[in-house]
J.: 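Pasting in a structure now, in structure tokens, and then I'll have a few things to ask.
Quick caveat: nothing in here was measured; it's all calculated off a predicted structure. By convention in this document, chain letters (A, B, ...) are assigned in the order of the sequence lines, proteins followed by strands, and residues within each chain are numbered from 1.
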Protein chains: 2
Amino acid sequence: MKNQDDHLNHAIIEFYEKLSSWEMAVVKDNGFSLPQVHTVEILGLNGPMRMKELAEKIGVTTGTLTVQIDKMVKAGLVLRRAHETDRRSILVELTDAGQVMFEEHDKLHMQLTADLTVNFSEQERSLMLDFFKRINNEF
Amino acid sequence: MKNQDDHLNHAIIEFYEKLSSWEMAVVKDNGFSLPQVHTVEILGLNGPMRMKELAEKIGVTTGTLTVQIDKMVKAGLVLRRAHETDRRSILVELTDAGQVMFEEHDKLHMQLTADLTVNFSEQERSLMLDFFKRINNEF
DNA sequence: AATAATAGTTTGATAGTCAAAATATCTATT
DNA sequence: AATAGATATTTTGACTATCAAACTATTATT
């Protein structure tokens, strides 16, 4: 059903736009820049990661990421660690302070998720999780 | 169920991150900047809008938006129109070329949505739409 | 009528970004 | 094992995006 798909598509875009807005507002409040929070979010969720991989996930060049990570190292949020097998590569990981920041930020997301699904039944919430998991796997 | 909610939360964040990545990649390919595409997307979805409102949705100050809209006017994507009742306000709306760009971009989103839900039944897709609508209303 | 609040623009300083060049390391071919 | 090509990261210089604050014009409040 074409029209139905159109609605789903637009609902997804609307959701994305609203989440972006929310994230921007949250980030501005706590004094860090959006790329920094984004980085903390990705590392917190996925664990240590190579520069290249991280740059792709964030959507910037590695050159841009280098200067961002420099700042975050200075701020004590992340650290650079040697890759075990590939000496060209560097792993970026959260420091304890970075982990704390991730958890703080994650709490805000948790609250948002709770607010958004306040009218969902236990069963609906579980179905929604299943849908998201399947969609995320298709990316 | 606390743990379940945590999973839903993280699945949502993962979805958001992946969609961001996708959007970045798409935008870079077609030569426009992310804020410009973002603006076209919002105007195409919501119709004409005041500067203030648009700035809030995008997550920038009105000063920043002014220069962005200047560029987009020059590029022929949007135009400024007087507000009917409030002479302080200005409505920004898509030109025909802007509308075309919106539809082109929307097609890419449509394709992505179709790809992501390729394994969904008609019923699941409809349920997913219902979930997104309810969530969007809670924002 | 005066004052405060709001919408938008302009400006100067700061931060973010990219492309291209440079360095170091890894992989593949001969 | 030697060479050539590919890959990961950093550095650099130019450009773009961003904000905060000052400014203009209009509307709302008292």
J.: Output the distance between atom CZ (R50(A)) and atom CG (D86(A)), rounded to the nearest 0.5 Å.
T.: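 Answer for the CZ-CG pair, R50(A) versus D86(A), is 7.0 Å.
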J.: Do the side chains of F139(B) and L19(A) get nearer than 4.5 Å, heavy atoms only?
T.: yes
J.: Could you give the NE2-to-C1' distance, from H38(A) to dG16(C), as a whole number of Å?
T.: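 Rounded to the whole Å, the gap is 15 Å.
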J.: Nearest whole Å is fine: how far is dA15(C) P from F32(A) CZ?
T.: 15 Å
J.: Just to be sure I understand the geometry, which residues of residues 79-89 of chain A put a non-hydrogen atom under 4.0 Å away from DNA chain C?
T.: T85(A), D86(A), R87(A), R88(A)
J.: When you measure from the side chain of K71(B) to the backbone N and O of Q36(B), does any donor-acceptor pair fall under 3.5 Å?
T.: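 No, the answer is negative, given that no donor and acceptor are paired below the 3.5 Å cut-off.
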J.: Starting from P on dT18(D), measure out to CD on Q36(B) and report it in whole angstrom.
T.: 10 Å
J.: Using modelled atom types and a 3.5 Å cut-off, is there a donor and acceptor pairing between side-chain atoms of S126(A) and backbone atoms of E122(A)?
T.: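 No; zero donor-acceptor contacts below 3.5 Å.
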J.: In plain terms, say whether E138(B) and R134(B) are close enough for a salt bridge, that is, a side-chain N and a carboxylate O under 4.0 Å apart.
T.: no
J.: Check the surroundings of atom NZ in K107(B): do more than 12 heavy atoms from other residues, nucleotides or ligands lie under 6.0 Å from it?
T.: no
J.: Measure the shortest side-chain to side-chain distance between V27(B) and H38(B) over non-hydrogen atoms and say whether it is less than 4.5 angstrom.
T.: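 No; the side chains remain at least 4.5 Å from each other.
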J.: Return the NZ to NZ distance between K57(B) and K18(A), rounded to the nearest 0.5 Å.
T.: 6.5 Å
J.: Would you say the side chain of V37(A) lies within less than 4.5 Å of the side chain of M101(A), judging by non-hydrogen atoms?
T.: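 Yes. Closest side-chain heavy atoms under 4.5 Å.
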J.: Does a donor on one side chain sit under 3.5 Å from an acceptor on the other, for E124(B) and N119(B)?
T.: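 On atom types as modelled, these side chains do not qualify, holding no pair under 3.5 Å.
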J.: Mind grabbing the angle between the end helix axes of the helix from dA1(C)-dT30(D) to dT30(C)-dA1(D)? Five pairs an end, 10° rounding.
T.: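 Nearest ten degrees gives 40° for this helix.
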J.: Could you go through residues 63-70 of chain A and list every donor-acceptor pair under 3.5 Å that involves a side-chain atom there, pairing it with any protein atom two or more places apart or in another chain?
T.:
from	atom 1	to	atom 2	distance (Å)
T64(A)	OG1	T61(A)	OG1	3.1
T66(A)	OG1	T62(A)	O	3.0
D70(A)	OD1	R80(A)	NH1	3.0
D70(A)	OD1	R80(A)	NH2	3.0

J.: Got more than 12 heavy atoms from elsewhere within 6.0 Å of CD, Q123(A)?
T.: no
J.: Check each residue of residues 41-59 of chain A for a non-hydrogen atom within less than 4.0 Å of any atom in DNA chain D, then write out the ones that pass by number, or none.
T.: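 Those residues are R50(A), M51(A), K52(A).
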J.: Under 4.0 Å between a side-chain N or O of T61(A) and OP1 or OP2 of dT17(C)?
T.: no
J.: For dG16(C), does either OP1 or OP2 sit under 4.0 Å from a side-chain N or O belonging to S33(A)?
T.: yes
J.: By the ring-ring contact (aromatic ring centres under 6.0 Å, His included) test, which pairs, at least two apart or in different chains, include something from residues 78-119 of chain A?
T.: W22(A)-H109(A), H105(A)-H109(A)
J.: Do any of residues 64-72 of chain B sit with a heavy atom less than 4.0 Å from DNA chain D, and if so which?
T.: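 The stretch gives T64(B), V67(B), Q68(B), K71(B) as the residues lying under 4.0 Å from the strand, ordered by number.
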